[in-house]
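Chain A is the first sequence line, chain B the second, and so forth, proteins listed ahead of strands; every chain is numbered from 1.
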There are 2 protein chains.
Amino acid sequence: MSNACRSGCPINLTLEMLGDRWSLIVIRDLMFGNRRHFRELLTGSEEGIASNILADRLKRLVAAGLLTKSDDPAHRQKAVYSLTEPAIQLVPLLAQMGAWGSRHTPASPELSIRAKLLEEGGPPLWEAFMDELRSLHLGAPAKGPSVLARLQAAYEAAVAHEAAGT
Amino acid sequence: MSNACRSGCPINLTLEMLGDRWSLIVIRDLMFGNRRHFRELLTGSEEGIASNILADRLKRLVAAGLLTKSDDPAHRQKAVYSLTEPAIQLVPLLAQMGAWGSRHTPASPELSIRAKLLEEGGPPLWEAFMDELRSLHLGAPAKGPSVLARLQAAYEAAVAHEAAGT
DNA sequence: AGAGACTGATTGCGATTTGCAATCGGTTTT
DNA sequence: AAAACCGATTGCAAATCGCAATCAGTCTCT
């Protein structure tokens, strides 16, 4: 993935930075999965990323300025990964990606609930969610009710509804 | 890139389909560069894709239902590649990708003009552009003035302005 | 009709990337 | 002190990438 800088096209440069199979998965888990530590990212997601791949992607994303790495004050051995402002501004991109995937791939209906809610909310909801991420990751003040909790509640309701029979 | 289907998450499935360094470049050129033939895609873009990679991506995108391949009635040897409806619905995703890249990568200012216009236009402009792509690729009737021409004119004006000194 | 250019690919091959398993030294918990 | 946990690192085989050369079929030009 090193840098050849094939062209100055913004779409191309975005692909050079994020266009692989794992980088956006990591960012998705930090963004929607509320995960902060290496181990949470390693075992928490359904996709099963290998530890060396995760280590490599975290290193690259930190180097690219999308994540910061800091020490956990409570546990000296733990590293805490946080989204930076450029990564937080990927919310609209991931929202569109989720919306497209829920419409044009055989995505799980329960997992698509969040994507559809984010899509229906549109830019206003994205902004609220970005504010929330800023407060979670940068210590900025939160302004409204938790978008993350709302998305999660809708997902769990869908799962419960599914489990309770059609 | 074959199919392991790591999870049913819509973001993951979108990445499994499009998350590599070239697939979206090909779609970008079909979408914004008005290219239809293998040779145009091969030599037309700044990034310099290799012919075997292009052949592979075209094959995969056709198999995934994002492109169709048909014979050029004028030149029997030529194949014509067209965007299908699912690919046309990638417009918002590519718009967000361009917007993010123009803000957070060292993208060329001239090449960022189109991305910024698409972003400022928002969903209404995207819809108009998608209608235009449908008319170009599927033979549906066009409804308004050409968005593509407007974007291209803005780009060329920026290049001319740049060439004429600051 | 024949020479040559152009079409969409395909092949060979070396370099890189991927992903799995095992392991590491250090830290915290028991 | 022993065991579990932490964020990685290494070895290795497989897959992928990307460059160059090449291919058979089609079109143009004379």
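A:Glu46 CD: 12 or fewer foreign heavy atoms inside a 6.0 Å radius.
Whole-Å rounding puts the B:Asp71 CG to D:dT26 C1' distance at 12 Å. Rounded to whole Å, atom P of D:dC5 lies 16 Å from atom CZ of A:Phe38. Look at CG on B:Leu54: it is 9 Å from C1' on C:dG8, rounded to the nearest Å. In this entry the distance linking CG of A:Asp20 with C1' of C:dT16 reads 14 Å, nearest Å. Note: CG (B:Asp56) to P (D:dA15) measures 15 Å, nearest angstrom. Note: CZ (A:Arg35) to C1' (D:dG7) measures 17 Å, nearest angstrom. In this structure, A:Glu47 atom CD and C:dC20 atom P are separated by 12 Å, rounded to whole Å. The interatomic distance linking A:His37 (NE2) with C:dT28 (P) rounds to 13 Å, in whole Å.
Salt bridge absent: A:Arg114 and A:Glu119 never bring a charged side-chain N and a carboxylate O closer than 4.0 Å. Taking 4.0 Å as the cut-off between side-chain N and carboxylate O, A:Arg134 and A:Glu85 count as a salt-bridged pair.
For A:Glu127, there are no side chain to side chain donor-acceptor pair (under 3.5 Å) partners at least two apart in sequence or on another chain.
Nearest-nucleotide mapping onto DNA chain C: of B:Leu58 and A:His75, the residue sitting toward the 5' end is B:Leu58. Judged by closest nucleotide on DNA chain D, A:Arg39 is the one of B:Ala74 and A:Arg39 placed further toward the 5' end.
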Output one line per pair: protein atom, nucleotide atom from nucleotides 18-21 of chain D, and distance, for all N/O pairs under 3.5 Å.
from, atom 1, to, atom 2, distance (Å)
D:dG18, OP2, B:Trp22, NE1, 2.6
D:dG18, N7, B:Asn52, ND2, 3.4
D:dC19, N4, B:Asn52, ND2, 2.5

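Side-chain atoms of A:Arg76 and base atoms of C:dG26 include no donor and acceptor less than 3.5 Å apart.
Remark: A:Lys59 is in phosphate contact with D:dT9, judged by side-chain N or O atoms under 4.0 Å from OP1 or OP2.
Looking at heavy atoms from C-beta onward, A:Tyr155 lies out of side-chain contact with A:Arg150 at the 4.5 angstrom threshold. A 4.5 Å side-chain heavy-atom check between B:Leu118 and B:Leu151 finds at least one atom pair inside the cut-off.
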Exercise. Go through the steps for B:Glu162 and B:Val159 under the test side chain to side chain contact (heavy atoms under 4.5 Å, CB included), then give the verdict.
Key: CA-CA 5 Å; B:Glu162 177 72 15; B:Val159 171; 5.6 Å; no
